[in-house]
Amino acid sequence: MATIVSTLFISLDGVAEVDPAWHFPYFDERMGEAVGEDYEDVDVLLLGRVTYDSFVGAWPERETAGGDDAEFATQLGETRKLVATRGDQDLGWRNVERVPDLLPAVAAVSAEPGVSKILVAGSISVVRQLMAAGLLDELRLFVHPVAARHGERLFDEGEPIYPLRLLRSEALPTGVLRLVYARGELPAT
């Protein structure tokens with residue numbers, strides 16, 4: 001079975017709907033390296049439709065332009081991409097597959113020979129569904145030292161609670177905390 005990993009930029013107050021106003025001032029070379037580490041050895045990139053639209057709106061053009069991030073853009077283009085969508089619009093990028101039923105598709109792809117790491121980039125609704133189904137193995141957060149005060153939060157209200165176990169942490173030079181969690185259990189009382 002593949003390891004399913006989520007990577008998200010998030011504010012101190014839990015907003016994971018990234019606003020360039022609070023994200024980019026903290027993005028530096030070290031954060032770029034850390035993000036690159038999350039994309040290492042990825043066999044499949046799993047994206048919600050909104051995140052996919054932002055990726056396809058930026059990365060193919062960056063690959064063609066040949067700038068500083070062209071190599072990463074090429075890596076994204078070459079990676080197999082699953083897009084959680086019920087729509088039938090042209091997805092307009094190479095190596096992309098439509099996934100209308102998220103959880104069965106993820107379970108099937110996770111069991112495919114040769115697939116060892118599935119990365120969920122952004123895609124708050126996808127992360128929520130995977131967590132609720134117990135399918136998310138790692139939650140990687142880049143916690144920005146800012147209260148966004150508006151925007152979609154990662155965790156919605158409801159049941160059950162999601163206990164997590166900290167695997168590692170790193171304070172980046174800009175004050176962003178990189179936190180990597182696995183599923184955990186509540187401590188015994």
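The six-membered or imidazole ring of Phe72 lies near that of Tyr39, with a centre-to-centre distance under 6.0 Å.
Look at Glu37 and Arg140 and you find no salt bridge, because none of the NZ, NE, NH1 or NH2 atoms lies under 4.0 Å from a carboxylate O. Residues Arg30 and Glu170 are paired through a salt bridge, judged by an N-O separation under 4.0 Å between the basic side chain and the carboxylate. Checked for salt-bridge contact, Asp68 and Arg62 miss the test: no charged N lies under 4.0 Å from a carboxylate O. Using a 4.0 Å cut-off between charged side-chain N and carboxylate O, Asp38 and Arg178 make a salt bridge. For the pair Glu152 and Arg128, the salt-bridge criterion is met [side-chain N within less than 4.0 Å of a carboxylate O].
A distance of 5.0 Å separates OG1 of Thr174 from CG of Asp28, quoted to the nearest 0.5 Å. Taken from CG in Leu167 to CG in Leu179, the straight-line distance is 10.5 Å, to the nearest 0.5 Å. Distance check, rounded to the nearest 0.5 Å: CG of Leu82 to CG of Leu102 gives 9.0 Å. Note: Ser6 OG to Tyr181 OH = 13.0 Å, rounded to the nearest 0.5 Å. From Lys81, atom NZ reaches atom CH2 of Trp93 across 5.0 Å, with rounding to the nearest 0.5 Å.
Judged purely by atom type and a 3.5 angstrom limit, Thr51 has no side-chain atom pairing as donor or acceptor with the backbone of Leu47. Side-chain atoms of Arg98 come within 3.5 Å of backbone atoms of Gly87 as a donor-acceptor pair (strictly under, hydrogens ignored). Between the Ser123 side chain and the Val120 main chain, no donor and acceptor come within less than 3.5 Å of each other. At least one donor-acceptor pair closer than 3.5 Å links the side chain of His144 to the backbone N or O of Phe142.
A donor-acceptor pair shorter than 3.5 Å can be found between the side chains of Asp43 and Ser116.
Atom CD of Gln89 has more than 12 heavy atoms from other residues, nucleotides or ligands within 6.0 Å. Residue Glu33 places its CD atom among more than 12 non-hydrogen atoms of other residues, nucleotides or ligands, all under 6.0 Å distant. Environment of CD in Glu61: sparse, with no more than 12 heavy atoms of neighbouring residues, nucleotides or ligands closer than 6.0 Å.
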Residues 154-161, side-chain donor-acceptor partners within the protein, below 3.5 Å, at least two apart:
none

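Val5 has its side chain out of reach of Ile118: every pair of non-hydrogen atoms, C-beta onward, lies at least 4.5 Å apart.
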*Start with the C-alpha distance between Glu78 and Arg94, add both sets of side-chain angles, then the distance that settles salt bridge (charged side-chain N to carboxylate O under 4.0 Å, His left out), and finish with yes or no.*
CA-CA 7 Å; Glu78 293 301 320; Arg94 66 187 185 280; 3.1 Å; yes
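Sorted by first and then second residue, the pairs that involve residues 106-121 and meet salt bridge (Lys or Arg N to Asp or Glu O under 4.0 Å), not counting sequence neighbours, are Arg80-Glu112.
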